[in-house]
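Please read the structure below before turning to the comments.
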Amino acid sequence: MVTVRFRDHSNFTYKDLLDLNDRDKSYASPLSVICHIDLNAFFAQCEQLRLGLAESDPVVCVQWNALIAVSYAARDYGITRMDRLEQAKLKCPHLIPAHTAVFKKGEPLWKYVDYVPSPINHKVSLDPYRREGKKVLNIFRENCDLVEKASVDESFMDLGRLIFAKIIELFPSLLDGMKDRTDELPKLDSIPESIDYKGFIINKSDELEPEPAIIGDSEEKNNIEFLVEDWDDLVTLIGSMICFDLRKKVEKILGYKTSGGIGRAKTIAKLASGFKKPDQQTIIRNDAIPNFLKHFKLSDFWSFGGKTGNYISEQLGEMSISSISKNYKTPIELAKLLDNNIELANKIFKIVRGELHDPITEKEQIKTMGANKNFRGKSVCNTNDLLPWINVFIGELILRIQDLDEENNTTLRPVKLTLGATSTTGVRHSKQCTISQPPKDYNQLRELFHTLSRDLLRNLEKLWGDAPMYPIVNASLTSSTFVDLTSFNTLDDLMSTVQKRKLDPTDVERNIPSSPPPLPIPKKKKYTIDSFLTEKKTSSDQSSTLNNSDENPPLEETSSDITDTKCPDCDEFIPSEEFQTHKDFHLAMALETKLNKEFEESYGEKLLKKGRSSAKTSKKFSKNQTKLPF
DNA sequence: TACTCACAG
DNA sequence: GGCTGTGAGTA
């Protein structure tokens, strides 16, 4: 399958090879190999595995009546993401629609519900998919020292060090012959039989018709020979083996099917991974890049899908990739047609030649974390309608911050909080404030978010002036500028480092929780079924509001007598004597959700005998200094 | 710093 | 289409 027929003189030097072993240089080496791995119909796969279904079951992931992911089994019935649920059911009567997890209005925790949720009093939670995506990412990080998460379901990897290690293992004496780094790499007569490519090769002059996807078609190669004429072919070949290995690890440990792309640059790898789906990978040899690219449009490249892409094709006229690279010999020629935007011209010039060699960068730190919801009709037409949703937002943010901490073993806290809303008239405003002393304690943070967001809301409402703000069609709460409190022991530490700016005195005052109220939802504690039952029994026995609140929290109707206390979790006004009972209800809810989650997780693990639990990658990534094999 | 826009998946 | 995220641009 692999034919070795080396040129007399290699186009590459020892330096090119050695650079692969350097995280900062490998992407720029002419021998660099990047792979891109994409989880196919990810949300649908998550639901399929969560529900213990087979790959052949026609699962779709549903949000209200829309399909947000269609499994490949469902695609066989002609179902696409454009279909509404009803249309999809007509196409496939035994369709399995799985709705996303949801937050109920006023509640701070998401869960999977056993009824069809309505957008009027629910908010979709994509948290389960983020968590699964993170597990996949961790597998990549454990096996590759340079991973760039491109989105929840796709990553780029720089395979330089892995390939370098493999080459040294195969040819231990390779570097002995080196006198100077600029020396030409030696000729190879043969390579060990154990080395064989994985995936579909794109060659110099193939007809490239991606064959239709076949479920269960896991044949991972087209039966053609891989011609190794120089070192770039060999590194690509080894890259395909590594990419395959990474993908199979994900499948074995977590159960997810992926597609992969292997190529010299990110743009090439990305287009390659989309070429054959699902559960396939595509190899782009360097000499095949022009042939591969001619089947794409400029708008197929990342960042050219929208307005800039339109602008470019307006200026240049609709043109294929190959004709752009043929017609314009220099970036200057291109820039002339692009309002002298030389930067853009340069980028296009490189992209059409497959020569845009951007580095793989680890997204060091989260920048923003937001929660938002679109409202239908006039379901939110005053402050009281909005408050329960803000509580949902807060609950969601706190949960995610908690996850973030557990995941990275850090204490990341946002220093900014932004509340935004769009009114029916299409006018959008937002208001943000600074959190000068973000507490480590989640309950205190929750309380702080409550006070701050209410302040923000008051200020936000003013921004509309005389124009009516309500009803609104969207609201969002975003936290940003995360700082790691782990290293700060005192407030002074934090203040001196984070807040060099002058502080608004009212800000400072606001940010100290007036009286940190002990919230009933406890933090990390092991719950037993017994304690769960006891808690729940107590609350249901005593609380008359429990049954009401379960499906339809009587939020607005509740009287707001001054003697009543507003529950910070759901904004209901609760008579003081009932307050503790009411709190217990929330506690029970929290426990129930937690238990559901734990059950689901361990159940899922059992389903996949190979042990999904091993993805609980406790191994910590030391931020920027991964140990290299050499 | 506060806010908007464009883009992606 | 609904939802979440990032980065650039603008006063």
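The sequence lines fix the lettering, A, B, ..., with proteins before strands; numbering per chain opens at 1.
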Answer yes or no: does a side-chain N or O of [X] lie under 4.0 Å from OP1 or OP2 of [N]?
{"X": "A:K367", "N": "C:dG7", "value": "yes"}
{"X": "A:T418", "N": "B:dC3", "value": "no"}
{"X": "A:H429", "N": "B:dT4", "value": "yes"}
{"X": "A:S151", "N": "B:dA8", "value": "no"}
{"X": "A:N372", "N": "C:dC3", "value": "no"}
{"X": "A:N374", "N": "C:dG1", "value": "no"}

Rounded distance in Å - [atom1] ([X]) to [atom2] ([N]):
{"X": "A:K416", "N": "C:dG7", "atom1": "NZ", "atom2": "C1'", "result": "13 Å"}
{"X": "A:K462", "N": "B:dA2", "atom1": "NZ", "atom2": "C1'", "result": "16 Å"}
{"X": "A:W302", "N": "C:dT6", "atom1": "CH2", "atom2": "C1'", "result": "8 Å"}
{"X": "A:H99", "N": "C:dG2", "atom1": "NE2", "atom2": "P", "result": "13 Å"}
{"X": "A:E343", "N": "C:dA8", "atom1": "CD", "atom2": "P", "result": "10 Å"}
{"X": "A:F103", "N": "C:dT4", "atom1": "CZ", "atom2": "C1'", "result": "13 Å"}
{"X": "A:R130", "N": "C:dT6", "atom1": "CZ", "atom2": "P", "result": "11 Å"}
{"X": "A:D38", "N": "B:dA8", "atom1": "CG", "atom2": "P", "result": "15 Å"}

Determine the contact category for A:F42: base if any of its heavy atoms lies under 4.0 Å from a base atom, sugar-phosphate if only primed atoms, P, OP1 or OP2 are that close, otherwise nothing.
-> nothing
Touch check for A:L463, heavy atoms < 4.0 angstrom, all strands: base, sugar-phosphate only, or nothing?
-> sugar-phosphate
Validate the cation-pi geometry between A:R75 and A:Y72: distance from NZ or CZ to the six-membered ring centre under 6.0 Å, angle to the ring axis within 45°.
-> yes
Between A:K266 and A:E148, is there a side-chain N and carboxylate O pair less than 4.0 Å apart?
-> yes
Are A:K270 and A:E154 ion-paired here, with the side-chain N under 4.0 Å from a carboxylate O?
-> yes
Nearest-neighbour nucleotide for the [X] side chain, [options] considered:
{"X": "A:Q63", "options": "C:dT6, C:dG1, B:dG9", "result": "C:dG1"}
{"X": "A:D153", "options": "B:dG9, C:dT4, B:dC3", "result": "B:dG9"}
{"X": "A:K307", "options": "B:dG9, C:dT4, B:dA6", "result": "B:dA6"}
{"X": "A:K123", "options": "C:dC3, B:dC3, B:dG9", "result": "C:dC3"}
{"X": "A:Q432", "options": "B:dG9, B:dA2, C:dG1", "result": "B:dA2"}
{"X": "A:K373", "options": "C:dG1, C:dG2, C:dC3", "result": "C:dC3"}
{"X": "A:I366", "options": "C:dG1, B:dA8, C:dT6", "result": "C:dT6"}
{"X": "A:T308", "options": "B:dG9, B:dC7, C:dG2", "result": "B:dC7"}

Between A:S118 and A:I120, is there a donor-acceptor pair closer than 3.5 Å when you use the side chain of the first and the backbone of the second?
-> yes
Member of A:R131, A:K134, A:K135 meeting the salt bridge (charged side-chain N to carboxylate O under 4.0 Å, His left out) criterion with A:D403 = A:R131
Kindly compute the distance separating CD1 (A:I342) from CG (A:L344), expressed to the nearest 0.5 Å.
-> 9.5 Å
